[in-house]
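Can you read through this structure? Questions will come right after.
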Amino acid sequence: MMSEPQPSDAHFEVEELVGYAGGTLSPASRERVERHLADCEECTSEVAAAVRLRPPARAPRRRLAVAAAAAAVVGIALLGPGLVHRTPAGPRVRGTEAQPSVAVLSPANGAVLHQPPDLTWRPVAGATAYRVTVSRADGDSVWATATRDTSVSASDALARSGPGLYYWYVDVLLGDARSIAGSAHEFQLEP
């Protein structure tokens, strides 16, 4: 049984945060952790580290799940206390409700490039910010940022990472404390 951290210890145990990152907590436990993460940068960092330590994904769907978990952590950290006053509407299953999605403009999915690209997408109605993540084909994160714009440049990070296959995601943070996980897009960077 998981208990709310007390002022004397002030943080959840690492095992509980790993369970949160892995999606193995009960809905009530998950809600308690999310309330704590809204105000605790240290525990948010622990969850992000747990996500990075997970074994490399074997398929794009698994990488998308890890990216979605990371986006949820970032959303909680960015939206803070406003999130804890909302009542969850129950479990959400991707694809069961109509929601806006991100339309990528460039680079095109599967593009072969000779220089690091600017990543560009169409705005999403109701978005307050976008979380952009670039990772290698093995799931290792190369670069991530949050922006209110619909275009970012990861040129420096990609130049340091070198040639290879990359996946990028744009997750949407909405004004009503919800987030939308973007789908994976790929590009090949060649010398």
Side-chain angles (χ1 to χ4, degrees), residues 20-21 23 25 27 30-31 33-41 44-45 47-48 51-52 57 59-111 113 116-135 139 141-158 166-189:
Y20 172 79
L25 297 181
R30 184 170 188 77
E31 185 178 331
V33 171
E34 286 175 348
R35 277 197 307 267
H36 180 75
L37 291 175
D39 295 322
C40 182
E41 187 175 317
T44 300
S45 295
V47 170
V51 169
R52 284 192 304 270
R61 178 174 270 170
R62 179 119 168 126
R63 283 189 291 275
L64 181 58
V66 171
V73 170
V74 170
I76 290 166
L78 290 175
L79 298 173
L83 184 60
V84 294
H85 298 294
R86 304 216 191 293
T87 304
R92 296 186 58 145
V93 178
R94 179 174 288 220
T96 60
E97 68 281 336
Q99 62 183 9
S101 62
V102 178
V104 168
L105 298 176
S106 71
N109 197 31
L113 308 169
D118 286 342
L119 308 173
T120 308
W121 58 94
R122 293 197 189 283
V124 174
T128 57
Y130 302 94
R131 176 76 178 163
V132 183
T133 306
V134 178
S135 62
S141 180
V142 173
W143 181 81
T145 190
T147 182
R148 293 181 187 272
D149 202 355
T150 57
S151 179
V152 294
S153 176
S155 297
D156 294 339
L158 289 170
Y166 292 92
Y167 290 94
W168 67 289
Y169 316 85
V170 179
D171 298 323
V172 182
L173 304 175
L174 299 169
D176 63 358
R178 292 182 301 136
S179 64
I180 301 168
S183 58
H185 302 279
E186 66 179 63
F187 63 88
Q188 180 77 31
L189 193 56

Distance-minimising heavy-atom pair for Ser155 and Pro116: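 Heavy atoms only, the tightest pair is CA-CB, 3.6 Å.
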Under 3.5 Å donor-acceptor, Arg131 side chain and Val170 backbone: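 Not confirmed, Arg131 side chain does not pair with Val170 backbone.
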Student check: side-chain heavy atoms of Phe187 and Pro117 closer than 4.5 Å: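 They are in contact (side-chain heavy atoms under 4.5 Å apart), so the answer is yes.
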Test item: Thr133 and Tyr167 side chains (from C-beta on) under 4.5 Å apart, heavy atoms: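 No. Closest side-chain heavy atoms not under 4.5 Å.
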Any side-chain heavy-atom pair of Thr128 and Leu174 under 4.5 Å: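 They are not in contact (no side-chain heavy atoms under 4.5 Å apart), so the answer is no.
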Spatial distance of atom CG (Asp149) from atom CG (Leu119) [nearest 0.5 Å]: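 That separation rounds to 11.5 Å.
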Student check: side-chain heavy atoms of Val132 and Tyr169 closer than 4.5 Å: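 Answer no - side chains too far apart.
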Mutual orientation of the aromatic rings belonging to Tyr130 and Trp121 [parallel < 30°, tilted 30-60°, perpendicular > 60°]: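 Perpendicular.
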Worked verdict on Arg122 versus Val102 for side-chain contact (heavy atoms from CB on, under 4.5 Å): CA-CA 7 Å; Arg122 293 197 189 283; Val102 178; over 6 Å; no
With sequence neighbours excluded, residues passing ring-ring contact (aromatic ring centres under 6.0 Å, His included) with Trp143: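 Expected list: none.
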Distance, nearest 0.5 Å, that separates CD1 of Ile180 from CG of Leu173: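 Answer rounded to 0.5 Å: 9.5 Å.
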For Asn109, all residues meeting side chain to side chain contact (heavy atoms under 4.5 Å, CB included), sequence neighbours excluded: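 Expected list: His185, Glu186.
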Shortest non-hydrogen contact from Pro107 toward Trp168: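 Answer, listing the atom of Pro107 first, then Trp168: CD-CZ2, 3.7 Å.
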Student check: side-chain heavy atoms of Ser179 and Asp171 closer than 4.5 Å: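 Side chain of Ser179 against side chain of Asp171, heavy atoms only: no contact under 4.5 Å found.
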Contacts of type side-chain hydrogen bond (donor to acceptor under 3.5 Å, both in side chains), residue Asp118, not counting sequence neighbours: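 Partners of Asp118 by the side-chain hydrogen bond (donor to acceptor under 3.5 Å, both in side chains) criterion, ordered by chain and then number, come out as Ser153.
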